[in-house]
Protein chains: 2
Amino acid sequence: MKADADATSQIVVEPITESEIPQIANIELIFFAYRDFTADADRILSRFGFGRAHHRALYFVNRKPGMTVADLISILAITKQSLSRVLRQLIDAGHIRQIEGREDRRQRRLFPTQSGRELVLELSRPQSRRIDAAMRESGLSADTLVADFMKNMINPQERAVLANLSSKEG
Amino acid sequence: MKADADATSQIVVEPITESEIPQIANIELIFFAYRDFTADADRILSRFGFGRAHHRALYFVNRKPGMTVADLISILAITKQSLSRVLRQLIDAGHIRQIEGREDRRQRRLFPTQSGRELVLELSRPQSRRIDAAMRESGLSADTLVADFMKNMINPQERAVLANLSSKEG
DNA sequence: AAAATTAAGTCAATAGTGCTGACTTAAATC
DNA sequence: GATTTAAGTCAGCACTATTGACTTAATTTT
């Protein structure tokens, strides 16, 4: 008993409590939920030798066809050098094509090909189904509470970027 | 016009629609919400030269003090080799200590130190506040809808792991 | 008691994703 | 004509994670 007391001195034996971190249960749930949410797509991506970076790039190009390289770098918040490899692989695989800007010929406007569209739909479908099922099972199908909550989780200054993505204009 | 039509053949100009992917708006919101959610902790971690892997390991050791190395590997779903470096750095930094199992002396039971507890609280506080604020702003404070939704986003077979984390027994 | 299994740790090699810095090319703008 | 901008490239580095092979010590099985 004495030896045990010595060996455990300085350590903390009590788990974190809700009194210390009120949202501890939700922190954990979000961690596991996001992991499973992304795992759906990860499995499909690995068949193509792609990773999450490819998914994100392909996703936004499909969401806003005709976006420039600079647009994509901005929305992904990564560097030009980081994007280049991923973009090259997507172009080489025939999922994305670059077209010289008509107004500004320095720009390379990014468009999905038919296969790029098909791939992004294949990646998005299980994610959409998972959200849909979770909403139904939680009795949230009819309202916008999930969207409201997620919006409020995002930094206020970034919410403008989202509004732009949902808008009709390129 | 003819040149343009040729140049854009095979590409897709239309964005993804909700008729193709019903939950497209929520997919996007979840992506940005999770990014901002983790960014809070990332900033703090970088001050210590730590990454997300350290956060996750430290988190679960604080959540279930006395867990074994095997427990942690299982819950993080990573390999022993991946964990080893991260765990070593956390031990060297004095945030985690290993104590030989009393029943099974092959086991190394993991406990946070006082500094480990303080660090995990510092990392968790902004995440807890963000969730709390988002719930209040969405009018969800009073009920368990967020938790319900997140639970339903997790693969059914993994929900048992969560129940174990929340239980009183080690 | 010997053999097999288990928990943990280690060494080596590899992959994916991201970073910084420095530089080039071509086009647009001042 | 000079400067700035958009995109691309080269080189090197860091972090996180992987697989495979192996060691050590302790426990369990036979």
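- One interatomic measurement links the two molecules: CG of A/Asp92 to P of D/dG8, which rounds to 12 Å at whole-angstrom precision.
- Atom P of nucleotide C/dG9 and atom CG of B/Leu90 are separated by 13 Å, given to the nearest angstrom.
- Among the protein residues, B/Glu103 comes within range of the sugar-phosphate backbone only, with heavy atoms under 4.0 Å from sugar or phosphate atoms but none that close to a base.
- Considering only the side chain of A/Ser82, C/dC19 comes nearest among C/dC19, D/dT9, C/dA12.
- Closest contact between the side chain of A/Ile78 and the listed nucleotides D/dA7, C/dA8, C/dC19 involves C/dC19.
- Atom NZ of B/Lys80 and atom C1' of D/dT16 are 18 Å apart (whole Å).
- In this entry the distance linking CZ of B/Phe48 with P of D/dC15 reads 16 Å, nearest Å.
- At the heavy-atom level, B/Arg52 lies under 4.0 Å from the strands shown only through sugar-phosphate atoms.
- Looking at the side chain of A/Asp104, the nearest of the listed nucleotides C/dA27, D/dT27, C/dT17 is C/dA27.
- Between A/Leu83 atom CG and C/dC19 atom C1' the separation is 14 Å, expressed in whole Å.
- Taking every side-chain heavy atom of A/Arg88 into account, D/dT9 is the closest of D/dT9, D/dA6, C/dA8.
- Summarising the geometry, the separation between CD1 on A/Ile96 and P on D/dG8 is reported as 12 Å, rounded to the nearest angstrom.
- Taking the nucleotide of DNA chain D with the nearest heavy atom to each of A/Arg106 and A/Ser84, the more 5' of the two is matched to A/Arg106.
- Note that the NZ atom of B/Lys64 and the CZ atom of B/Arg109 stand 11.0 Å from one another [nearest 0.5 Å].
- With hydrogens and angles disregarded, a donor-acceptor distance shorter than 3.5 Å links the side chain of A/Ser128 to the backbone of B/Gln23.
- For A/Leu76 and C/dG16, the CG to P distance is 19 Å, given to the nearest whole Å.
- The side chain of B/Gln81 lies closest to C/dC11, out of C/dA28, C/dG9, C/dC11.
- Residue-level contact check: B/Ala77 touches the backbone only, with heavy atoms under 4.0 Å from sugar-phosphate atoms and none from bases.
- In this structure, B/Leu45 places its CG atom 14 Å from C1' of D/dT16, rounding to the nearest Å.
- A side-chain N or O of A/Thr68 and one of A/Asp71 form a donor-acceptor pair less than 3.5 Å apart.
- Side-chain atoms of A/Arg108 never come within 3.5 Å of backbone atoms of A/Val69 as a donor-acceptor pair (strictly under, hydrogens ignored).
- Each of A/Arg108 and A/Gly51 lies near DNA chain C, and the nucleotide nearest A/Gly51 is the one positioned closer to the 5' end.
- In terms of position on DNA chain C, the residue among A/Val86 and A/Arg105 whose nearest nucleotide sits closer to the 5' end is A/Val86.
- Residue A/Gln89 is classed as having no contact, given no heavy-atom separation below 4.0 Å to the nucleic acid.
- Tested against A/Asp42, the residues A/Arg52, A/His55, A/Arg35 include a single side chain to side chain donor-acceptor pair (under 3.5 Å) partner, A/Arg52.
- Phosphate proximity of C/dG16 to A/His54: absent, as no side-chain N or O sits under 4.0 Å from OP1 or OP2.
- Comparing atom distances between the A/Arg85 side chain and each of C/dT10, D/dA26, C/dC19 picks out C/dC19 as nearest.
- Classification of the A/Phe48-A/His95 ring pair by plane angle, with boundaries at 30° and 60°, yields perpendicular.
- Looking at heavy-atom distances under 4.0 Å, A/Glu100 makes no contact with the nucleic acid at all.
- Taking side-chain N and O atoms only, A/Gln98 has a distance below 4.0 Å to OP1 or OP2 of D/dG8.
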